[in-house]
Each structure stands twice: as C-alpha cells, then as structure tokens.
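Lettering of chains follows the sequences in order, A, B, ..., and the numbering in each one begins at 1.
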Amino acid sequence: MLIRIPLPPYFSFQECLWFLDRNFDDCMHKVSKQGVRKLLEIENEPVLIEISENEAGLKVEVLFGKGPEEPIVQFVEEWLDMSRNIEPFYELLKKDKELAYMTTDFYGLRMIAIPDLFEALCWSIIGQQINLTFAYKLKRRLTETYGKMLTYEGAEYYLFPKPEDLMRIAAEDLLPMQFSGKKAEYIIEIAGKFANGQVSKEILQNLSTQEAIAHLVKIRGIGEWTANYAMMKSLKRLECITYGDVGLYNALAQQKGFPKRPSKEELNIFFAGFKNWEAYTVFYLWRTLALKKQ
DNA sequence: AACCAGGTTATGC
DNA sequence: GCATAACATGGT
C-alpha cells in the first residue's frame, strides 16, 4: 500500500530526517538513504512503514501488515508535526538577532514527537542525568528485551514495551542492563500506573498544561524537567519549557550568552519573546548543540 | 583523571 | 525550605 501526504509549508523532510538520524543509535526507527522505517501498532497488529519523499510530497509505504490508512497517516502527521503552521514561530525567530539564522539553517525542521506517552515518560526517565549515547543504549536493551519485534528483510524492528510488559518485572531484572536501581523502580511503577489507568494520555489531554504537570510530578521519578519534556514531546503542549535542562542551558549560553545556570526568571524573560512557541524554541536550541559536532 | 551528562529522590539541618 | 549525596557509566 502506498499513501501520499502533501507537504505543508515550512516543512523539510530532510531536516526531520536529520534529527531522526543525529549521531545516536535510536532503536525506535531506522534511517536509510531513502527515508525512515518504523514499526507501528495499528489495531493491535504490527505495521511496518517506510516514509520517503518525492516530487509529489511524502510517500508512506506499508512494507508489512495492513490496516486502515487513516491511523497511519495520522501517526505520520503527528510524529513529524505536519499539521502545524509554524510561520508565526519563524516570525518570532526573525525578531531575535542571534537566532534569526535558524529560519534558514534549520528551515522546515519540525518538533519530532513521541506520541506514546508511556514511551515518552520512560525515555525521559532513562535520559535523566546521563549522556545521550548511554541513554540510547539503555533504551535499546529495554526495548529488545521486552518490546515486540518484527523481522523484515533481515532487519529487526521494535515496538516500545507496553506497560503490561514492564509492570510485572522486578527492578533487579533491569540491573544487568545497567539501569540504576532507582530508574528501574520508577519505570516499573509507572508501568503499573498506566496499566491500572491512573495515568494515561487521555487523562492529561483533558487537563490544562499546569494541571497535567502537577499530576505528573506526583509520580516518583518524574520531576519538573521530565513532566515538561513529556508534555512537549507527547502531548505537544507548545508552551512547555524544560526547566533545569542542561542541554538547553548550554545552547542558550552559546547562542545568547546566557549564564551557565540561568534562573527561572531569566528563562521566563527570554521565553516571553516566544509565547506559545516555547517548546519549539527549546527544540531548535537543542538542534544547535549538534552544530559543532559535525 | 576529574568532571559533566537533555535530573530526581532521600536525607539531614 | 534549602543544600547535598547518591545514582551508573560513557564521553571529553
């Protein structure tokens, strides 16, 4: 099956692809010259898709499985944030002397989402306080052990583990994968809360951003940074700011001459210039962290 | 060879 | 309330 999705304005598939392929070994998708392959679950059945680009726009090919077209299109549009008009964000960027270059250098980059809230929370807990290379290794070990796998053309594609897959394991089971004892506990506890319905994307969707964050930070392992990260990457609440984020601070220091540890007030003053686009601003600032590496 | 990574909790004052 | 240690290991 072949699905075509027209490209929205201010969208660059290549920029999105760059993000998906930036120097890390992400087990949730595979990037090749043609595009990106990712395993989805549609109506409880595995569906492997390949997203590429041609003159007509985005081309989504279903390589394995079948299912209705709509949820596949919906996933792609949500994942690559295709349904958003980001022109207002670019207008704000242009007003910032130091950041205006992003509208051309990162033209069309979209905030790549993690639609599955459970995955987003687990991933942000895994990534706390450790370098991303190590974080991606931990995610891979967890996923390869507890996630569903599909083999296609000799390559393995994974779904992130479900809460039900993780709620009954013991923290000790994750220690050989080099999880810290605490991270193992947090992830298993959160799996239980998802499984019994205490936490879900639906619940948070019906709350204001501030209420949802308050709900999340009550959970062990989720602090202010994690709650904001999940709200931004999964629920796509664009007013979220990852306070306490070292990567954000480094980028602000390099790009804007900020202090190494800016206060919340300093951050709020800066982000006031990007009202309703705070999360996009954070995402574009993260993008700058790769500039010197390549 | 220290010191820092896309932080958070537990503990002590 | 606020400061500090512990976490587990890779990168620089």
Side-chain angles (χ1 to χ4, degrees), chain A residues 18-28 106 109-114 117 119-142 145 170-193 199 213-238 240-256 258-265 267 270-271 278-294:
Chain A
W18 174 87
F19 176 83
L20 293 171
D21 198 31
R22 51 178 189 146
N23 293 337
F24 299 112
D25 182 31
D26 195 333
C27 61
M28 302 317 298
F106 307 153
L109 173 65
R110 298 302 180 117
M111 193 175 71
I112 309 300
I114 306 176
L117 178 64
E119 177 185 338
L121 286 172
C122 290
W123 169 234
S124 52
I125 288 169
I126 289 171
Q128 289 168 5
Q129 185 51 25
I130 56 176
N131 65 71
L132 283 177
T133 307
F134 183 40
Y136 278 103
K137 277 186 196 162
L138 293 181
K139 181 166 78 164
R140 176 176 289 281
R141 289 171 189 157
L142 184 74
T145 306
E172 294 74 51
D173 296 330
L174 301 184
L175 301 186
M177 299 178 195
Q178 294 176 296
F179 279 68
S180 68
K182 279 185 181 175
K183 280 186 184 177
E185 287 174 18
Y186 299 156
I187 286 170
I188 294 165
E189 283 173 22
I190 289 172
K193 289 179 190 298
V199 188
I213 288 173
H215 186 80
L216 285 172
V217 294
K218 286 187 203 143
I219 300 167
R220 257 162 49 90
I222 302 179
E224 189 178 28
W225 178 85
T226 307
N228 276 288
Y229 180 90
M231 289 300 287
M232 127 184 201
K233 292 280 279 187
S234 192
L235 281 87
K236 299 164 94 170
R237 298 287 174 93
L238 296 195
C240 288
I241 300 167
T242 49
Y243 294 105
D245 183 318
V246 181
L248 172 63
Y249 295 166
N250 289 342
L252 281 172
Q254 290 165 19
Q255 304 284 313
K256 298 286 293 179
F258 268 55
K260 255 170 101 174
R261 233 338 309 208
S263 69
K264 206 159 179 176
E265 286 65 38
L267 291 171
F270 167 73
F271 280 107
E278 291 89 340
Y280 252 91
T281 309
V282 170
F283 194 74
Y284 269 54
L285 284 166
W286 282 339
R287 171 67 180 85
T288 70
L289 296 173
L291 290 175
K292 54 185 189 306
K293 288 183 198 163
Q294 295 197 342

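Within 4.0 Å of Leu138(A), counting heavy atoms only, lies no atom of the nucleic acid at all. Ser124(A) comes within contact range of no nucleotide atom at all, as no heavy-atom separation falls under 4.0 Å. Here Thr133(A) lies in heavy-atom contact (under 4.0 Å) with sugar-phosphate atoms only. Using a 4.0 Å heavy-atom cutoff across all strands shown, Ile222(A) reaches sugar-phosphate atoms only and no base atom.
Nucleotide dT12(C): paired with dA2(B) (Watson-Crick or G-U wobble, both distances less than 3.5 Å).
Mapping Gly247(A) and Lys218(A) onto DNA chain B via the closest heavy atom, the residue that lands nearer the 5' end is Gly247(A). Where Gly221(A) and Gly127(A) each meet DNA chain B at their nearest nucleotide, the meeting point lying more 5' is that of Gly127(A).
Tyr249(A) places a side-chain N or O within donor-acceptor distance of the main-chain N or O of Gly244(A), the cut-off being under 3.5 Å. Counting only distance, with no hydrogens or angles, the side chain of Tyr280(A) and the backbone of Met111(A) share a donor-acceptor pair below 3.5 Å. With hydrogens and angles disregarded, a donor-acceptor distance shorter than 3.5 Å links the side chain of Ser234(A) to the backbone of Ile114(A).
Atoms CG (Leu175(A)) and C1' (dC7(C)) sit 12 Å apart, rounded to a whole Å. The interatomic distance linking Ile219(A) (CD1) with dG7(B) (P) rounds to 19 Å, in whole Å. Going from atom CE of Met177(A) over to atom C1' of dC7(C) covers 18 Å, rounded to whole Å. One interatomic measurement links the two molecules: CG of Asn250(A) to C1' of dC3(B), which rounds to 13 Å at whole-angstrom precision. For Ile126(A) and dT9(C), the CD1 to P distance is 15 Å, given to the nearest whole Å. One can place NZ of Lys137(A) at 19 Å from P of dA5(B), the figure rounded to the nearest angstrom. Whole-Å rounding puts the Ile130(A) CD1 to dC3(B) C1' distance at 16 Å. With rounding to whole Å, Tyr243(A) atom OH is found 14 Å from dT8(B) atom P.
Separating the P atom of dC3(B) from that of dT4(C) is a span of 16 Å, rounded to the nearest Å.
Below 30°, between 30° and 60°, or above 60°: for Phe24(A) and Tyr136(A) the angle between ring planes is below 30°, a parallel geometry. In this pair, Phe258(A) and Phe270(A) present their aromatic rings perpendicular. The plane angle is above 60°, beyond the 30 to 60° band.
Nearest nucleotide to the Ser180(A) side chain, out of dC7(C), dG10(C), dA5(B): dC7(C). Checking dT8(B), dG10(C), dA5(B) against the side-chain heavy atoms of Gln129(A) singles out dA5(B) as nearest.
In this model, the phosphate group of dT12(C) is not approached by any side-chain N or O of Asn131(A) to a distance below 4.0 Å at OP1 or OP2.
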Please tabulate, one pair per line, each protein N/O and nucleotide N/O from nucleotides 10-12 of chain B that are separated by under 3.5 Å, including the distance.
residue, atom, partner, partner atom, Å
dA10(B), OP1, Arg220(A), NH1, 2.4

